[in-house]
Amino acid sequence: MKSLELQLKKRLLIVEAGEIEEMINVEPGYDPQQLKDKKVMVVRSNMNFICSGSDLTEEIAEGMVQGMNVAGFCRTGIHFYNYCKKQFYNISAIDSFVSAIEACGHWWTNPQTEPLANILNLNGQQRCDFKNRMERYLHHVSRTFHPERTIICEIVE
């Protein structure tokens, strides 16, 4: 299970879990043994469920990220903050949200493609290069959120 806490326009918790059949809101003092064999995502009372990763829309993302109205000769409309480049750009709210995840060393989609090779046909240097590419790929996999298994919650004080 992966999780990431972000402080954007709202304080967010992004969680990726395995298979989830249902989400359950719990109050402090609940008994975790009651949920032992169920495939559930527990949402605590200090969290508000926003959406699942696959249901993230531009409108939902606009409520989570910093935006700025721009009116000028060439630029008009809302520009959203790029958290990697640390300034406002003419990007979508979803791209701004993804940049916030990437600024923390995670990814919304894996930027690396899986290296494919028939390792038996590689010489020593090629095997070493393949091993390095595979390690880099697996590192990225471990830090990539899969939207279909991810939920986004707001942490309320």
Side-chain angles (χ1 to χ4, degrees), residues 1-32 34-116 133-157:
M1 182 168 84
K2 295 181 212 80
S3 66
L4 177 65
E5 189 174 322
L6 297 173
Q7 182 63 52
L8 307 177
K9 194 155 84 175
K10 297 178 177 180
R11 187 172 165 212
L12 302 174
L13 179 65
I14 302 168
V15 178
E16 179 189 312
E19 294 179 37
I20 301 170
E21 292 176 353
E22 65 179 308
M23 283 192 291
I24 299 175
N25 285 310
V26 296
E27 296 299 322
Y30 82 99
D31 181 10
Q34 296 172 340
L35 307 175
K36 188 170 116 182
D37 296 323
K38 296 183 180 180
K39 295 178 180 177
V40 297
M41 174 65 69
V42 174
V43 179
R44 299 190 188 282
S45 59
N46 69 333
M47 294 191 301
N48 291 332
F49 174 76
I50 295 175
C51 69
S52 64
S54 56
D55 293 334
L56 180 65
T57 63
E58 189 70 18
E59 293 77 30
I60 294 171
E62 282 178 14
M64 297 187 290
V65 296
Q66 298 294 326
M68 176 177 70
N69 281 319
V70 177
F73 179 69
C74 297
R75 302 176 183 182
T76 303
I78 298 176
H79 287 205
F80 293 99
Y81 197 72
N82 184 317
Y83 293 87
C84 292
K85 296 182 180 179
K86 297 183 175 25
Q87 64 184 38
F88 287 90
Y89 280 93
N90 187 15
I91 60 175
S92 71
I94 292 176
D95 290 340
S96 177
F97 175 75
V98 169
S99 77
I101 293 170
E102 291 173 353
C104 295
H106 288 75
W107 292 272
W108 193 244
T109 56
N110 192 342
Q112 299 286 320
T113 57
E114 184 173 4
L116 300 173
R133 285 194 319 270
M134 183 56 83
E135 287 173 354
R136 189 169 45 249
Y137 171 76
L138 292 175
H139 169 75
H140 281 76
V141 166
S142 73
R143 299 185 65 81
T144 299
F145 287 97
H146 298 88
E148 64 278 0
R149 296 191 309 248
T150 301
I151 66 164
I152 303 167
C153 294
E154 177 184 10
I155 301 172
V156 290
E157 305 298 323

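Please read these numbers as outputs of a predicted model, since none were measured by experiment. For reference, positions follow the sequence shown, starting with 1.
Annotation: salt bridge (Lys or Arg N to Asp or Glu O under 4.0 Å) contacts of E58 (sequence neighbours excluded): none. For Q87, the side chain to side chain donor-acceptor pair (under 3.5 Å) partners at least two apart in sequence or on another chain are Y89. For the ring pair (Phe, Tyr, Trp, His ring centres under 6.0 Å) test, residues two or more places apart in sequence or in another chain that qualify with F145 are H106. Legend: residues meeting salt bridge (Lys or Arg N to Asp or Glu O under 4.0 Å) with K2, ordered by chain and number and at least two apart, are E16. Under the salt bridge (Lys or Arg N to Asp or Glu O under 4.0 Å) criterion, E5 pairs with R11, sequence neighbours left out.
Judged by distance alone, the side chain of K9 and the main-chain N or O of E62 form a donor-acceptor pair under 3.5 Å. Looking only at distances, no side-chain donor or acceptor of S52 sits under 3.5 Å from a matching main-chain atom of I151.
In this structure, CG in L12 is found 5.0 Å from CD1 in I50, a value given to the nearest 0.5 Å. Atom CD1 of I78 sits about 12.5 Å away from atom CD1 of I91, to the nearest 0.5 Å. Separation of atoms CG (N110) and OG (S142) is listed at 9.0 Å; rounding is to 0.5 Å. Between M47 atom CE and I155 atom CD1 the span is 7.0 Å, to the nearest 0.5 Å. Put simply, CD1 on I101 and CH2 on W107 are 12.0 Å apart, with the number rounded to the nearest 0.5 Å. Between E148 atom CD and D55 atom CG the span is 11.5 Å, to the nearest 0.5 Å.
Across every non-hydrogen atom of C84 and A103, the tightest pair is SG-N, 3.7 Å. Contact between S96 and F80 at its shortest, heavy atoms only, is CB-CB, 3.7 Å.
Judged as a salt bridge (charged side-chain N to carboxylate O under 4.0 Å, His left out), the pairs with a partner in residues 134-145 (not counting sequence neighbours) are, in order, K131-E135.
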